[in-house]
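To start, the structure under review is shown below, and the notes come after it.
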Amino acid sequence: MGKIILTGDRPTGRLHLGHYVGSLKRRVELMNSGEYEKIFIMIADAQALTDNFDNPGKIRENIIEVALDYLSCGLDPEKVNMFIQSQVAELTELTFYYMNLVTVSRLERNPTVKTEIKMRNFETSIPVGFFTYPVSQTSDITAFKATTVPVGEDQLPMLEQAREIVRKFNATYGEVLVEPEALIPENSVCCRLPGTDGKAKMSKSLGNCIYLSDTPDDIRQKVMNMYTDPNHIKVTDPGTVEGNSVFTYLDAFSKPSDFEKFCPDYANLDEMKEHYRRGGLGDVKVKKFLYNVIMQELEPIQARRKEYEKDIAGVYDILKKGTEAAKAEAAKTLAEVREAMQINYFDDEELIRSQQEKFEEKQ
Ligand code: TRP
């Protein structure tokens, strides 16, 4: 059997550079690798509602933003199947059955859930839906018999949980489900792009993101205000590149050819870093270079977005078709699950016959 990818994002906002280097760019590469038989990319609106249940408008608005970000990054609807989670009811049904295969204490031990409960001040009162979202995520993955789940490191506990549920299901009811594997970014810079303020992670709530769909002016301003080395005050001062967001971004984005094009004083990033360390290289010069490098990467993405933005009905149609195909796929797995769990009453003629015999024997 060929390899199958499933991955997704919660539609709580537009996607940013952190998403791009951490996952979107990789997805396009995986799509073009030809190694995967099927690729499903899911907009996880039902999961987003587990901690935004009182703000459905936000989720509704952001579905189209996320879809536009996917398409503009080069995900091709002919090659990947993009769909909306909540419209595939089969996923919810699977979740209900999988809930029997996991304990409350096991969910409580999930490190991602633990951190998220703290972040959301859910400690004293956790909505059950939120608490069980790892089970729902297992449904997302297994419904498509995904072998491969490209995600960030923070999702590893989710994958471990999914694998446990799969093993438990298969041991209890027979081999139906496929044990998935996580595919983590290789490059450490790509695992986590810091915020423009130098904080560990780009995050909407911290307001330190550069969005893929920001205007060039916004991006220039965000780059110019970026966190660097706080002790690098005068141009002549020696500077530190470690923990300096501008250089971390250059690690993630710049190529030697960018120097020739935008900053020919240096042959490559190492030379630029060396000068910064020595002193004599000002932040403004490095930031201008970074702006050019980022814009070069984003220009084709933004141009594609502009085209798709002209035909929003067409984008919803892509999602609708993707959702129909995803539903058909999930329904196949659900039928196998029901059969294995012996709850396929109306599809099983043998059941009716054998029950009849039982009652005849009694007569
Ligand atoms: N939890 C993921 C996130 O927050 C989104 C997601 C939902 C997902 N279901 C998934 C990712 C299944 C991979 C597989 O980013």
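Order of listing sets the numbers, starting from 1, for every ligand and every atom in it.
A ring-centre distance under 6.0 Å is found for Phe289 and Phe259.
By the 4.0 Å N-to-carboxylate-O rule, Asp283 lies too far from Lys288 to be salt-bridged with it. By the 4.0 Å N-to-carboxylate-O rule, Arg167 lies too far from Glu175 to be salt-bridged with it. Between Glu336 and Lys145, at least one side-chain nitrogen of the basic residue sits less than 4.0 Å from a carboxylate oxygen of the acidic one, meeting the salt-bridge criterion. Under a 4.0 Å N-O distance rule, the pair Asp51/Arg10 qualifies as a salt bridge.
A donor-acceptor contact under 3.5 angstrom links the side chains of Gln161 and Asn110, judged on distance only.
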Taking a 3.5 Å cut-off between nitrogen or oxygen atoms, can you list every pair linking ligand 1 to the protein, with distances?
unit_1, atom_1, unit_2, atom_2, d
ligand 1, 1 (N), Gln47, OE1, 2.7
ligand 1, 1 (N), Gln137, OE1, 3.0
ligand 1, 1 (N), Gln155, OE1, 3.2
ligand 1, 4 (O), Arg10, NE, 3.2
ligand 1, 9 (N), Asp140, OD2, 2.8

